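Let me begin by presenting the structure, written as structure tokens, before commenting on it.
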Amino acid sequence: MAKNLLIVESPAKAKTINKYLGKDFQVLASYGHVRDLKPKEGAVDTEHGFTMAYEVIERNEKHVDAIAKAAKLADDIYLATDLDREGEAISWHISEILKERGLTKGKQLHRVVFSEITPKAIKAAVAAPRQLSHDLVDAQQARRALDYLVGFNLSPVLWRKVQRGLSAGRVQSPALRMIVEREEEIEAFKAREYWTIEAQLKHADGDFTARLSKLNGKKFEQFDLTNETDAQAARAALKQAAHGRLTVSDVGSKERKRRPAAPFTTSTLQQEAARKLGFTTSRTMKVAQGLYEGVALGDEGNVGLITYMRTDSTMLGDDALAELRQLIVRDFGAHALPDAPQVYKTKSKNAQEAHEAIRPTSAMYTPKAVAAFLNDDQRKLYELIWKRTVACQMIHATLNTVSVEFALRDVTGGDASFRASGTTVIDPGFLAVYEEGRDQKTEEDDDEGRRLPRMVVGEQVPLHEIAADQHFTEPPPRYSEASLVKALEEHGIGRPSTYASIIQVLQNREYVFLDSRRFKPSDVGRAVSNFLTAHFTRYVDYDFTAKMEDELDAVSRGEEAWVPLMERFWLPFKQQVDEKTESVDRNEATGARELGSDPKTGKPVSVRLGRFGPYAAIGTKDDEDKPTFASLRPGQSMHTITLAEALELFKLPRQLGQAENGDEVSVAIGRFGPFVKQGSTYASMKPEDDPYTIELPRALQIVAEKLEMLANRLILDFGNGVQVLNGRYGAYITDGEKNARIPKEQEPKELTEKQCLELLAAAPVRKGRFGKKTAAKKTATKKAAVKKAAPAAKKTAVKKASTKKKAAKKTATKKTATKKAATKKAVAEKVEA
DNA sequence: CAGTGAGCGAGCTTCCGCTTGACTT
């Protein structure tokens with residue numbers, strides 16, 4: 001039996017290290033954090049020194065048990081979790097758990113750290129153990145408690161003032177704010193007109209263009225020409241002065257170096273994979289995880305191809321550097337190798353640098369060599385990582401920029417000049433392998449790769465034309481996933497392990513949504529953000545996290561105690577929460593707007609945010625008769641809607657007349673979009689139909705189509721509730737409870753009752769709407785279930801469920817009561833539905 | 001499936017960071 005137990009966070013890492021340490025060691029993984037605050041109110045006791053109530057994370061229980069079991073048999077236990085704040089805390093939690101279970105008597109607990117996974121580094125780490133740093137653990141606990149307190153106090157304010165179920169937090173709220181403020185900038189943006197003037201020249205060695213750089217004796221600036229009249233006048237004057245040619249007045253050339261980009265961190269990998277491969281952040285992370293965990297490489301077996309993908313460091317290990325330099329000489333020649341390895345400083349604030357940069361585990365696994373063993377996504381991402389890493393250790397590129405100036409005196413006597421430049425590559429250096437993508441093109445990018453004809457001062461170049469072009473300034477672009485991650489990282493908000501999930505949270509809450517891969521805020525998102533920014537400014541400030549980090553650093557260095565730090569934060573924060581809960585008006589919090597008055601009644605028309613989203617109202621609740629309401633249509637926003645658009649909404653439902661049988665026919669917009677109603681039949685309108693203009697004949701046609709579809713629905717009926725039906729996705733079998741698919745080769749009409757029963761028996765139980773709840777996916781499933789259940793559940797179902805739940809709570813004595821009750825609730829609703 | 005938008009005030013929602021799998025549409 002191994003006498004030594006070593007614990008790391010990631011199972012893939014555990015496997016690798018196991019190989020290095022031999023059989024005296026058993027290496028186990030904690031799978032991340034092992035304990036966390038109880039996810040309820042009161043987990044941080046603000047009255048008594050911020051005592052924190054922890055519990056083992058359910059999902060990781062089996063891993064904790066495995067560690068405990070191994071610890072029992074080991075003499076020495078090495079806690080080798082990551083060397084950052086969170087890693088230190090994980091080690092501390094594990095040691096606390098082992099102590100609680102009485103497993104540490106007579107054993108040595110060692111804390112060891114390393115930042116690269118090589119046999120040398122691991123052995124050196126094990127040979128130099130230290131004690132747990134309680135200062136670092138304190139800093140982590142302060143971080144954890146603060147996040148909990150911010151989230152669990154701000155969110156309830158939103159439930160009261162804006163909408164139930166909303167959330168706020170130290171990270172998600174500033175992230176949301178960025179998106180909302182960008183949208184407001186765009187709305188407030190006024191495009192400005194400007195004109196550029198360009199000379200098109202015909203040189204014997206090739207045509208090229210030159211931009212106007214000087215006009216009337218002054219440097220030509222962006223807004224010097226802002227209308228067509230001026231621009232055309234300037235163009236005409238220049239053209240006249242030129243007389244069909246321009247004279248070279250100056251030729252200059254400048255050599256420039258371009259340096260390769262730093263090796264990938266999580267954030268830069270996500271950005272570059274978005275730019276070059278079109279991957280979302282979560283797709284990038286998923287693919288990277290696969291490369292990290294290992295890929296079967298033929299005879300070589302399973303090989304981890306890249307280092308850890310959640311990192312904020314640009315550091316490369318010595319062994320990796322040596323290998324990269326060897327490869328560069330081998331594949332690109334000695335001249336491509338700089339004298340010394342290139343070292344990159346980590347730029348991001350609050351970097352913890354627990355791991356290396358993201359790099360290939362071995363540069364010798366060239367993209368070509370491993371391509372056959374990878375799927376498409378893996379191949380693309382691996383190639384990107386490999387090239388970026390190799391390039392970062394290659395020599396800089398040397399570029400030469402040639403500028404040619406053409407001076408002329410225009411007819412009014414003012415000096416003017418045109419300038420052309422072209423950039424050529426003298427020595428490509430790292431560019432032979434890789435160049436970082438750009439978010440936006442600049443003028444310089446246009447010049448790149450352009451080679452001008454060789455020209456000398458005094459030379460006359462024939463002029464083809466002088467053109468004036470109209471342009472308009474553009475608003476700043478909306479954030480994409482990648483540019484949001486970049487902005488977050490620049491402010492030190494969020495961590496490599498959370499960038500992808502921050503984006504998920506904002507979307508799950510329906511604060512923001514992607515439109516052509518750019519983030520737009522929803523009305524709820526804007527309400528939440530503006531409310532928080534106005535009333536909790538300090539806590540959703542972009543540098544709140546940075547300030548917190550400074551304080552936590554002081555704690556981790558032992559210069560400050562964490563409890564006083566917490567008190568300084570908590571007391572004013574709590575006071576603010578209480579005060580705002582009292583004082584803020586709900587209409588103000590939700591961003592209600594008055595649009596004007598209804599021409600028919602003279603009553604005020606307003607837009608508000610209600611339980612079911614944004615709506616318009618005519619009149620107020622203080623009026624004698626009730627106000628009338630209408631939901632905003634998808635795509636409309638309460639911030640941009642006009643009075644006329646709002647009034648349109650009240651034109652529905654429209655009565656169109658009567659069907660042949662005397663049924664009233666009307667159109668309206670429901671939860672599922674526009675529909676026609678005839679008697680008690682509802683039929684959805686097609687996207688090309690407009691509910692405001694549709695007329696009776698077309699409406700009747702839609703209803704007829706629907707009725708026909710219903711009539712054709714039944715294929716077979718066996719009389720015992722088992723039916724074969726035609727559905728949206730083709731024929732299927734149902735017994736009312738669950739549905740079964742029909743094998744491809746089977747003709748639905750020829751099914752026998754026996755066949756149907758067999759297929760039904762084999763079909764999976766329908767989990768759909770109220771999904772069974774597994775511990776691992778607690779939150780996700782729950783959310784989905786609640787969301788779908790809420791509008792559908794009948795009142796009776798809800799009532800039944802809650803009484804059941806009470807019963808469950810009474811009988812169950814353990815702390816799992818709530819969870820059990822929740823499962824029961826789901827069952828109860830299912831039965832009811 | 002096709003309303004709603006205040007409320008009697010029950011009981012509910014919510015954070016950030018570390019890690020991986022098990023789920024269907």
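Below, chain A is the first sequence line, B the second, and so on; all start at residue 1. Note that this is a predicted model, so its numbers are computed, not measured.
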Item checked: Residue-level proximity of residues 585-595 of chain A to DNA chain B when a heavy atom falls under 4.0 Å -> none
Item checked: Contacts of type ring pair (Phe, Tyr, Trp, His ring centres under 6.0 Å), residue A:Phe650, not counting sequence neighbours -> none
Item checked: Residue A:Pro11, side-chain heavy atoms: nucleotide from B:dT19, B:dA2, B:dT4 that is nearest -> B:dT19
Note to self: Can you tell me whether the side chain of A:Arg495 and the base of B:dC18 have a donor-acceptor pair closer than 3.5 Å?
What the structure shows: no
Next item on the list: Measure from the side chain of A:His33, starting at C-beta and using heavy atoms only, and say which of B:dA2, B:dG5, B:dC18 lies closest.
Entry: B:dC18
Note to self: I'd like to know if A:Arg170 reaches the base of B:dC15 with its side chain such that a donor and an acceptor end up less than 3.5 angstrom apart.
What the structure shows: no
Next item on the list: Measure from CE on A:Met52 to P on B:dC16 and round the result to the nearest Å.
Entry: 15 Å
Check: With sequence neighbours excluded, what pairs up with A:Arg170 under the side chain to side chain donor-acceptor pair (under 3.5 Å) test?
Finding: A:Asp147, A:Thr545
Next item on the list: Just need the stems in DNA chain B: three or more back-to-back Watson-Crick or G-U pairs, each with both distances under 3.5 angstrom, sorted by first number.
Entry: none
Note to self: Classify A:Tyr539 by what it touches in the nucleic acid, base, sugar-phosphate, or nothing, heavy-atom distance under 4.0 Å.
What the structure shows: nothing
Note to self: Mind checking if A:Gly613 touches a base, just sugar-phosphate, or nothing, with heavy atoms under 4.0 Å?
What the structure shows: base
Next item on the list: Remember a base hit wins even if backbone is also touched, and classify A:Ala29 as base, sugar-phosphate or nothing at under 4.0 Å, heavy atoms.
Entry: nothing
Notebook entry, point to check: A:Gln172 near the nucleic acid: base, sugar-phosphate alone, or nothing, with a heavy-atom cut-off under 4.0 Å?
Noted result: sugar-phosphate
Item checked: Residues that A:Tyr682 engages under ring pair (Phe, Tyr, Trp, His ring centres under 6.0 Å), provided they are two or more places apart -> A:Phe675
Margin query: Mind checking if A:Ser501 touches a base, just sugar-phosphate, or nothing, with heavy atoms under 4.0 Å?
Written below: nothing
Note to self: My understanding is that only residues two or more places apart in sequence, or in another chain, count here; which of them pass ring pair (Phe, Tyr, Trp, His ring centres under 6.0 Å) with A:Phe114?
What the structure shows: none
Note to self: Is there aromatic stacking of A:Trp159 on B:dT13 here, judged by a ring-centre distance under 5.5 Å and a plane angle under 30°?
What the structure shows: yes
Check: What pairs with A:Lys603 under side chain to side chain donor-acceptor pair (under 3.5 Å), at least two apart in sequence or on another chain?
Finding: A:Asp625
Item checked: Touch class at under 4.0 angstrom, heavy-atom based, for A:Gly494 against every strand present -> sugar-phosphate
Next item on the list: Determine if A:Phe152 stacks with B:dT14; use a centre-to-centre distance below 5.5 Å and an interplanar angle below 30° as the criteria.
Entry: yes
Margin query: Is it the case that the side chains of A:Arg310 and A:Ser497 hold a donor-acceptor pair, with the cut-off being a distance below 3.5 Å and no angle test?
Written below: no
Check: Just checking A:Leu166: base, sugar-phosphate only, or nothing, at a heavy-atom cut-off of under 4.0 Å?
Finding: sugar-phosphate
Checklist line | Short side-chain to backbone donor-acceptor contact, A:Thr81 and A:Val8, under 3.5 Å | finding: no
Notebook entry, point to check: Contact class for A:Tyr499 (heavy atom, under 4.0 Å): base, sugar-phosphate, or nothing?
Noted result: nothing
With a cut-off of 3.5 Å and sequence neighbours excluded, list every side-chain donor-acceptor pair involving residues 609-620 of chain A.
from: A:Thr620; atom 1: OG1; to: A:Asp622; atom 2: N; distance (Å): 3.4
from: A:Thr620; atom 1: OG1; to: A:Asp623; atom 2: OD1; distance (Å): 3.1

Next item on the list: Would you mind classifying the nucleic acid contact of A:Val150 as base, sugar-phosphate or nothing, using non-hydrogen atoms under 4.0 angstrom?
Entry: nothing
Next item on the list: Identify, with sequence neighbours excluded, every residue that meets side chain to side chain contact (heavy atoms under 4.5 Å, CB included) alongside A:Glu551.
Entry: A:Glu560, A:Leu565, A:Arg568
